[in-house]
Protein chains: 2
Amino acid sequence: MGDKYNRHSKYFVAVDCVIFGYEDGDLKLLLYHRGFEPAKGKWSLMGGFVGEEESSDTAARRILHNITGLDDIFLEQVQAFSEPKRDSEDRVVSITYYALIRIDQHNSDKVRENGAHWWSMKSLPHLVFDHQEMVMKALEKLQVKAEMELVGSELLPDKFTLLQLRRLYEAIFQIELDTGNFRKKVLSLKVLQRLDEKNTTESRRGAYYFKFIEGAKARPFDRIVKI
Amino acid sequence: MGDKYNRHSKYFVAVDCVIFGYEDGDLKLLLYHRGFEPAKGKWSLMGGFVGEEESSDTAARRILHNITGLDDIFLEQVQAFSEPKRDSEDRVVSITYYALIRIDQHNSDKVRENGAHWWSMKSLPHLVFDHQEMVMKALEKLQVKAEMELVGSELLPDKFTLLQLRRLYEAIFQIELDTGNFRKKVLSLKVLQRLDEKNTTESRRGAYYFKFIEGAKARPFDRIVKI
DNA sequence: TCAAAAGTGTTCGTATTACACCCATGA
DNA sequence: TCATGGGTGTAATACGAACACTTTTGA
């Protein structure tokens with residue numbers, strides 16, 4: 001490598017992952033009980049440093065795999081955080097990602113081993129450094145995504161009821177949605193297929209299970225610009 | 001500073017700025033004729049390294065000020081680019097920003113001194129490294145912003161006609177818009193005030209000038225989530 | 001007089017919203 | 001039987017899209 005840039009400084013570059021999951025009608029976050037200084041014993045996002053042969057995307061996937069055992073996870077960059085003193089130990093630029101995982105599918109033993117724990121978005125513990133801000137930015141990104149297309153395949157089990165899907169949306173946007181209107185809107189998108197099977201655990205009458213039609217990539221809440 | 005992270009590598013951290021301007025009905029980009037290696041003599045975005053006492057935001061503002069003489073510019077992070085070999089010289093993580101500036105207002109002598117040049121988005125030169133991708137991501141961000149709220153105060157002169165505003169939107173989205181519908185939509189937002197003055201240079205009849213009402217922050221192309 | 005933009009109005013179809021209402025069933 | 005969610009229907013409204021039409025005026 002050359003030395004053309006050598007009058008400039010180098011910094012550590014890390015990734016932090018905002019890992020969303022969904023369980024029992026609650027949007028949850030996978031947090032880490034830090035086993036190392038600085039801020040040992042406090043809660044933080046899952047993170048790690050970017051290696052020499054890695055992009056930050058690759059590093060984030062590696063970390064996610066190490067924690068959950070999962071590959072092929074939905075993962076998207078949020079933004080970089082670079083305040084000089086954001087990490088109390090040294091100058092670290094953090095590139096933040098958010099991921100969507102299905103809690104029913106991940107390796108929960110591995111998660112426990114790693115000192116990780118699912119927390120409801122409704123009652124998060126105090127987070128280290130600027131991790132709180134990272135979570136907020138990540139949630140905003142998730143909301144934009146959920147407006148642009150029907151999310152659910154990344155967070156729900158293979159088959160789910162419309163109640164479960166609605167509860168997911170209510171959790172993401174922290175609002176209440178009208179049953180009938182939600183149903184009509186979602187079904188009009190033609191991305192769900194009704195199964196011949198009912199879930200009878202969540203209602204007396206029983207609700208049909210649905211699944212996502214593979215390959216159906218219609219964007220629901222249409223955002224084509226036509227002013 | 002401690003040495004808790006010392007088994008990890010450090011990298012250069014730079015910012016690159018996608019600087020949008022608007023002139024003669026064209027969306028333009030301020031590009032730089034590189035005076036240094038690597039890629040000397042090629043065209044690139046405006047960039048620079050992040051200093052020890054700076055956040056990337058601060059660094060981006062510094063660079064923008066150095067080039068254009070302007071402060072108080074609209075500036076927003078796009079994302080970080082971190083492929084190990086994205087810069088041919090050394091490992092450099094780049095945090096990309098986009099800025100909106102009024103071409104009529106910037107210091108054009110300074111720009112020329114810096115070897116910078118305004119290029120129409122319709123015919124950009126070949127850019128170094130991954131700068132082409134940065135421009136694309138920045139344009140997408142600008143489009144999202146322009147959908148969410150009426151942009152124009154950052155790019156147009158203080159007073160402008162609805163034709164000029166429409167041409168700006170057509171340039172941002174690279175589509176044609178209906179005169180009447182655009183007019184109705186924009187005026188319904190109640191963020192523009194008509195002046196008692198007409199522009200007679202762009203049409204026989206003359207079009208009223210408008211200006212943005214200060215403090216009016218209504219979002220035009222409403223995106224409230226109500227599924 | 002005519003082209004080009006300014007500015008206004010109308011029509012039509014669809015999406016959104018706020019509901020009302022009946023169904024099914026286990027506790 | 002009744003509370004709870006499942007599922008369907010409707011009416012009022014808002015909005016987008018397409019487009020017709022009049023006005024103004026310099027070349």
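Chain letters run A, B, ... following the sequence lines, proteins first, then strands; residues in each count from 1. Only heavy atoms go into these numbers, but all of them, side chains included; no hydrogens, no water, no symmetry mates.
- Using a 4.0 Å cut-off between charged nitrogen and carboxylate oxygen, B:E154 and B:K145 count as a salt-bridge pair.
- Evaluation of atom-type donor-acceptor distances gives a pair under 3.5 Å for the side chain of B:K184 against the base of C:dT10.
- The base of C:dA6 is paired with the side chain of B:R205 by a donor and an acceptor separated by under 3.5 Å.
- Between A:W119 and A:W43, the ring-plane angle classifies as perpendicular under the 30° and 60° cut-offs.
- Between A:K198 and A:G180, the one whose closest nucleotide on DNA chain C sits nearer the 5' end is A:G180.
- Rounded to whole Å, atom P of D:dC19 lies 15 Å from atom CG of B:L177.
- Summarising the geometry, the separation between CD on A:E170 and P on D:dG5 is reported as 11 Å, rounded to the nearest angstrom.
- Between the CG atom of B:L189 and the C1' atom of D:dA14 there is a distance of 15 Å, given to the nearest Å.
- For B:R204, counting side-chain heavy atoms from C-beta on, the closest listed nucleotide (D:dT25, C:dA5, D:dG7) is D:dT25.
- When rounded to the nearest whole Å, the span between CG of B:D178 and C1' of D:dC15 equals 14 Å.
- At the phosphate of D:dT8, OP1 or OP2 sits under 4.0 Å from a side-chain N or O atom of A:R183.
- Looking at heavy atoms from C-beta onward, B:D158 lies out of side-chain contact with B:Y209 at the 4.5 angstrom threshold.
- Per the geometry, CZ belonging to B:R166 stands 9 Å off P belonging to C:dA5, to the nearest Å.
- Rounded to whole Å, the distance from CG on A:L162 to C1' on D:dT8 is 13 Å.
- None of A:F212, A:Y22, A:Y208 except one satisfies the ring pair (Phe, Tyr, Trp, His ring centres under 6.0 Å) rule with A:F160; the exception is A:F212.
- Between the CZ atom of B:R194 and the C1' atom of C:dA6 there is a distance of 11 Å, given to the nearest Å.
- Of all nucleotides listed (C:dC19, C:dA5, D:dG6), C:dC19 comes nearest to the side chain of A:N181.
- Following rounding to the nearest Å, A:L187 (CG) and D:dG6 (C1') show an atom-to-atom distance of 12 Å.
- A donor-acceptor pair shorter than 3.5 Å cannot be found between the side chains of A:D16 and A:T96.
- Regarding contacts with the backbone of C:dT16, a side-chain N or O of A:K185 is found under 4.0 angstrom from either OP1 or OP2.
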